There are 2 protein chains.
Amino acid sequence: MSRGWDDLRADLLARIRAREWPPGALIPAEEQLALAYGVARATVNRAVQALAEAGVVERRKRAGTRVATLPVRKARLDIPVIRREVEGRGQTYAHRLLTQRREVLPAGPAARLGLAPGVPALRLETLHLAEGRPYAYELRWLNPAQLPPDLPDFAVLSANEWLVATVPFVSGDLVFGAEPASRAEAAALDTDPGAPLLVIERTTRGLSGPITFVRLCHPPGHRVTMHL
Amino acid sequence: MSRGWDDLRADLLARIRAREWPPGALIPAEEQLALAYGVARATVNRAVQALAEAGVVERRKRAGTRVATLPVRKARLDIPVIRREVEGRGQTYAHRLLTQRREVLPAGPAARLGLAPGVPALRLETLHLAEGRPYAYELRWLNPAQLPPDLPDFAVLSANEWLVATVPFVSGDLVFGAEPASRAEAAALDTDPGAPLLVIERTTRGLSGPITFVRLCHPPGHRVTMHL
DNA sequence: GCGGCTATTATGTATAGACATATTAGGCGA
DNA sequence: TCGCCTAATATGTCTATACATAATAGCCGC
């Protein structure tokens, strides 16, 4: 039954899900669980700690461990590089660099990056293709101040893959929204203007400043799945 | 400098981010790190294990620990109950139960729940309001086979809040998409038919079967934010 | 040189014991 | 009775040691 703290974690989770200890209730102390399962307290600790990280229980010293009430369900989204995402479905991947030019940063991306509008920036438009059909239309703004001086040929190596392999990132955020396709987006994605697009915007920051802001538009019907 | 494995984890992460060990490179073995930091190997293990869970490094026995190439970035989304979500922004929350009736399950929701189309189900339409304005239009299908016989008045207590407090859930998934507003959705959300809606569909399963399928439509401009 | 077996090595995990720390319950004094 | 202090207690963490497991490196026979 039990070989490893992860099995213990799974067993405790099952008992919590089965309402053996209802939300808000205290579960037995580590020492008692250790005794009951015939393992060391450190093992119980590791298991319960993992449950706490997952948000299933809440722990406080002396007060004990209790099952979380109104469990804020945490969903985890794995964001692979787009090429992997497509290839993971067994489809062929390709991308086309549509435009690449230096341009001053407009207000929208500037606000998201925390930079002043009007500073110089590198602007890339890329179309990602799966099985030869449009998969995503990408508009990316790069902050040259945070990049190495010699840039690669983005027509060959996608900007995203180059970035993750080259520039250390520290934090970032991700925003989901739905927006009507502009004329340019509709043309790129081979759909109609005004069609609902799933838009994913990503901001990435490094140690010493913002690195890039990406806006990914997916054609109608595209879905992003997460697991609870 | 070092009090606790989490500080060690943070320090190692900083060194990785600083490219001291570039992506794909091996980092020193646990024993060497333990020696270098003057801690026990178990402490190093706990720290590196946390980094591995976060996807920063990849570990294989005998082969050692290496910095992840193409790091699959993991974003975590906290999904609170809608009431909390709204109140958390300092806005007033209200909801209106639009319809509640027993109906046979249509093909779409049936497929998502893993049930046969045509089985009896409970169908709820709810409008969530923030600050008196439409926040989300919810269409929910409940599987009566998995519910207690006596249901509450969903006009008072929202179905979601009642569920999380009453029915044990085991797993589920979450799908994001963008869809044009139907006439009914447009009317409920006070927008135009065809307007792009952010649609979030959630399936929830319990120990002995599927519990509920929810489709949440958010009005144009709505955004969902996650942090990396 | 080649294929397969074995020794080595790094991680995975467990254990017992110890001390640290936060928090609460209860006692004690004003 | 109220407020403060202290002792008890549950978790947090570390150490040292041990054995398990997986994967590689290298040896050995052919």
Side-chain angles (χ1 to χ4, degrees), chain A residues 1-16 20-69 71-72 74 76, chain B residues 1-16 20-72 74:
Chain A
M1 183 208 274
S2 67
R3 200 153 64 252
W5 58 266
D6 198 60
D7 287 327
L8 176 54
R9 184 199 58 77
D11 192 63
L12 291 173
L13 180 59
R15 293 173 74 177
I16 289 170
E20 181 170 332
W21 305 294
L26 278 172
I27 72 175
E30 292 188 356
E31 225 158 345
Q32 296 175 44
L33 286 173
L35 193 67
Y37 279 91
V39 298
R41 188 170 78 87
T43 306
V44 175
N45 182 284
R46 188 66 184 81
V48 179
Q49 209 171 79
L51 288 175
E53 263 172 49
V56 176
V57 299
E58 283 163 6
R59 321 194 74 186
R60 275 167 59 216
K61 299 193 182 191
R62 163 68 190 171
T65 300
R66 52 184 68 240
V67 179
T69 54
V72 174
K74 294 176 203 279
R76 238 185 32 188
Chain B
M1 181 205 277
S2 67
R3 199 152 62 254
W5 59 267
D6 198 59
D7 287 326
L8 176 54
R9 183 197 59 75
D11 192 63
L12 291 174
L13 180 59
R15 292 173 75 177
I16 290 170
E20 181 169 335
W21 304 295
L26 277 172
I27 72 174
E30 292 188 354
E31 225 158 343
Q32 296 176 43
L33 286 172
L35 193 67
Y37 280 91
V39 298
R41 190 171 76 90
T43 306
V44 176
N45 182 283
R46 187 67 184 83
V48 180
Q49 207 170 80
L51 288 176
E53 264 173 49
V56 176
V57 299
E58 284 165 4
R59 318 193 76 186
R60 276 167 60 215
K61 299 192 183 192
R62 162 70 189 168
T65 301
R66 51 183 69 238
V67 178
T69 53
L70 283 197
V72 174
K74 291 176 188 186

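Hydrogens, waters and symmetry mates play no part in the numbers below; they use all other heavy atoms, side chains included. None of the values given here were measured: they were computed from a predicted structure.
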**Request:** Would you mind checking if R41(B) and E30(B) are paired as a salt bridge, meaning a charged N to carboxylate O distance below 4.0 Å?
**Result:** yes
**Message:** Reading DNA chain C from 5' onward, which residue's closest nucleotide shows up sooner: T43(A) or Q32(B)?
**Reply:** Q32(B)
**Message:** Check the phosphate of dA10(C) against T65(B), side-chain N and O only, distance under 4.0 Å to OP1 or OP2. Yes or no?
**Reply:** no
**Message:** Is it the case that the side chain of R66(B) and the backbone of G24(B) share a donor-acceptor pair, with hydrogens and angles ignored and the cut-off at 3.5 Å?
**Reply:** yes
**Contacts of type side chain to side chain donor-acceptor pair (under 3.5 Å), residue R60(A), not counting sequence neighbours** = none
**Request:** Taking only the side-chain heavy atoms of V39(A) (C-beta and beyond), determine which of dT11(D), dT15(C), dT13(D) contains the nearest atom.
**Result:** dT15(C)
**Request:** Classify the side chain of R41(A) versus the base of dG17(C) as yes if they form a donor-acceptor pair under 3.5 Å and no if they do not.
**Result:** no
**Item:** Rounded distance (Å) that lies between atom C1' of dT24(C) and atom CZ of R60(A)
**Value:** 9 Å
**Message:** Would you say CD of E31(A) has more than 12 non-hydrogen atoms from neighbouring residues, nucleotides or ligands within 6.0 angstrom?
**Reply:** no
**Message:** Rounded to whole Å, please give me the gap between CD in E30(B) and P in dT17(D).
**Reply:** 17 Å
**Message:** In this structure, how many angstroms lie between the P atom of dA14(C) and the CD atom of Q49(A), rounded?
**Reply:** 13 Å
**Message:** Whether R59(A) contacts dG12(D) is assessed here as follows: a side-chain N or O lying under 4.0 Å from the phosphate OP1 or OP2. Is that the case?
**Reply:** yes
**Complete:** Between A50(B) and R9(B), the two heavy atoms sitting closest are CB-CD, 3.6 Å
Sort me out a list of protein N/O and nucleotides 4-8 of chain D N/O pairs below 3.5 Å, or just none if empty.
none

**Asked** Could you state the CG-C1' distance from L33(B) to dT11(C), rounded to the nearest angstrom?
**Response** 12 Å
**Fill in**
To the nearest angstrom, the NZ-C1' distance between K61(A) and dC19(C) comes to 11 Å
**Prompt:** For the pair made of CZ in R66(A) and C1' in dA10(D), what is the distance, rounded to whole Å?
**Reply:** 12 Å
**Prompt:** If each of G64(A) and A42(A) is mapped to the nucleotide of DNA chain D with the nearest heavy atom, which maps nearer the 5' terminus, i.e. the 5' end?
**Reply:** G64(A)
**Between dT15(C) (C1') and W5(A) (CH2): distance, integer Å** = 17 Å
**Complete:** Rounded to whole Å, CG of N45(B) lies from P of dA14(C) at a distance of 11 Å
**Item:** Residue list, side-chain contact (heavy atoms from CB on, under 4.5 Å) with E53(A), at least two apart or on another chain
**Value:** R46(B), E53(B)
**Request:** Write down the atom of V48(B), the atom of T65(B), and the distance for their closest heavy-atom approach.
**Result:** CG1-CG2, 3.9 Å
